[in-house]
Each structure stands twice: as C-alpha cells, then as structure tokens.
Amino acid sequence: MPSAKPTRSDQRAADRHRTAAASSSRPKLAPHVRMRFDAARERHVLLRPESVMVLNPTGADILSLCDGRHTVAEIVATLQGRYDGVVDDEVRRFLDRLATKRCVEMSDG
C-alpha cells in the first residue's frame with residue numbers, strides 16, 4: 001500500500017514553490033538572520049547561527065529593502081533607479097537562493 005506521508009522530494013518541491021519570488025511577494029530577513037556591516041571585511045554580512053555570508057554591495061542593497069513592506073517588484077524598481085542594467089530575474093534568483101537557505105522569508109502580497 002502506498003504511503004500517505006509526503007516524501008523529502010515532495011517537501012523540497014513544496015519549499016521551492018513557497019520560496020519563489022513573485023512580483024507581489026514581500027521578502028524579509030528570517031528571524032534568526034541579521035545583516036551587519038563588518039568593519040574588518042569592509043562589507044555587509046549576513047549572520048546566521050554558526051555561519052557568516054559576505055555580501056557584495058548590490059546584494060546588501062537588495063537585502064536592505066527586504067523589510068516585509070516592499071514587494072519584489074518595488075525592490076527591482078528601486079534598484080533600477082540606482083543602477084544601470086538591473087535584471088529582474090537576477091534579483092528574483094538572488095532572493096530565491098536566500099529563501100532556499102532560509103535566510104529570507106516571502107509573504108504573499
């Protein structure tokens with residue numbers, strides 16, 4: 001008899017779907033994650049339990065807008081006003097990777 005329990009691959013597929021950065025999604029840092037400026041590295045970093053992720057300036061700008069109020073579309077528009085050549089899909093992929101690592105949470109519009 002087949003099992004009614006979801007498999008790990010089912011859960012991973014559900015997690016990927018849940019973390020997809022739609023235009024109306026409102027990303028924010030997960031409660032256990034902090035973004036800080038590290039003076040020794042002269043860069044912004046994401047601090048997670050037992051790990052540090054060094055950010056480039058663009059990544060830090062994206063995450064500074066991830067406050068749960070701005071939508072992904074608003075974040076992209078803000079970045080397009082600051083930088084030349086901002087590609088919508090690249091911002092979404094960046095946010096999706098961080099959501100997969102549970103650094104960013106997406107809430108629906």
Side-chain angles (χ1 to χ4, degrees):
M1 176 190 269
S3 173
K5 292 172 95 177
T7 65
R8 281 190 177 160
S9 61
D10 292 337
Q11 184 60 46
R12 279 188 233 122
D15 286 344
R16 277 193 302 273
H17 177 71
R18 189 174 26 245
T19 62
S23 292
S24 61
S25 296
R26 296 179 187 277
K28 68 177 181 177
L29 290 179
H32 64 281
V33 176
R34 301 286 180 262
M35 186 171 76
R36 298 284 186 258
F37 184 78
D38 184 333
R41 292 181 175 99
E42 296 183 355
R43 294 258 178 138
H44 280 90
V45 294
L46 276 186
L47 303 174
R48 300 183 326 169
E50 299 186 27
S51 71
V52 175
M53 186 181 306
V54 180
L55 300 169
N56 66 26
T58 308
D61 276 353
I62 293 169
L63 290 176
S64 71
L65 296 167
C66 293
D67 56 9
R69 294 187 314 249
H70 295 92
T71 64
V72 171
E74 291 169 341
I75 291 168
V76 169
T78 300
L79 293 171
Q80 287 172 338
R82 293 180 188 172
Y83 302 104
D84 291 331
V86 172
V87 180
D88 181 83
D89 286 343
E90 289 179 9
V91 174
R92 290 173 196 274
R93 280 195 301 272
F94 176 75
L95 291 171
D96 282 341
R97 283 193 307 270
L98 289 177
T100 300
K101 293 178 182 181
R102 292 183 167 77
C103 293
V104 170
E105 296 176 346
M106 301 285 181
S107 62
D108 294 331

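- One finds no salt bridge joining R92 and D96 here, because no Lys/Arg side-chain nitrogen approaches an Asp/Glu carboxylate oxygen to under 4.0 Å.
- Checked by atom type and distance alone, the side chain of R26 pairs as donor or acceptor with a backbone atom of R69 at under 3.5 Å.
- Atom SG of C103 sits about 4.0 Å away from atom CZ of R48, to the nearest 0.5 Å.
- Residues R43 and D38 form no side-chain contact, since every pair of their non-hydrogen atoms from C-beta on lies 4.5 Å or further apart.
- Here the closest non-hydrogen pair linking H70 and L65 is ND1-O, 3.3 Å.
- Nearest approach of A21 to V72, heavy atoms of both residues: CB-CG2, 4.1 Å.
- For the pair L47 and V45, the tightest heavy-atom approach, listed with the atom from each and the gap, is CD2-CG2, 3.8 Å.
- Annotation for L63 and M35: closest pair CB-SD, 3.8 Å, computed over non-hydrogen atoms.
- In this structure, H32 and P49 have side chains that are in contact, with non-hydrogen atoms separated by less than 4.5 Å.
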For this session: Check the pair L95, C66 against side-chain contact (heavy atoms from CB on, under 4.5 Å), reporting the backbone distance first and the verdict last.
Result: CA-CA 9 Å; L95 291 171; C66 293; 3.7 Å; yes
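- Distance check: S24 OG to E74 CD gives 10.5 Å after rounding to the nearest 0.5 Å.
- Between I75 atom CD1 and F94 atom CZ the span is 10.5 Å, to the nearest 0.5 Å.
- Annotation: the span from Y83 atom OH to D61 atom CG amounts to 3.5 Å, rounded to 0.5 Å.
- Panel note: side chain H44, backbone G59; no donor-acceptor pair is recorded below 3.5 Å.
- A 4.5 Å side-chain heavy-atom check between T71 and S23 finds every atom pair outside the cut-off.
- L98 places none of its side-chain heavy atoms less than 4.5 Å from the side chain of I62.
- Here the straight-line distance linking atom CZ of R36 with atom CZ of R41 works out to 14.5 Å at 0.5 Å rounding.
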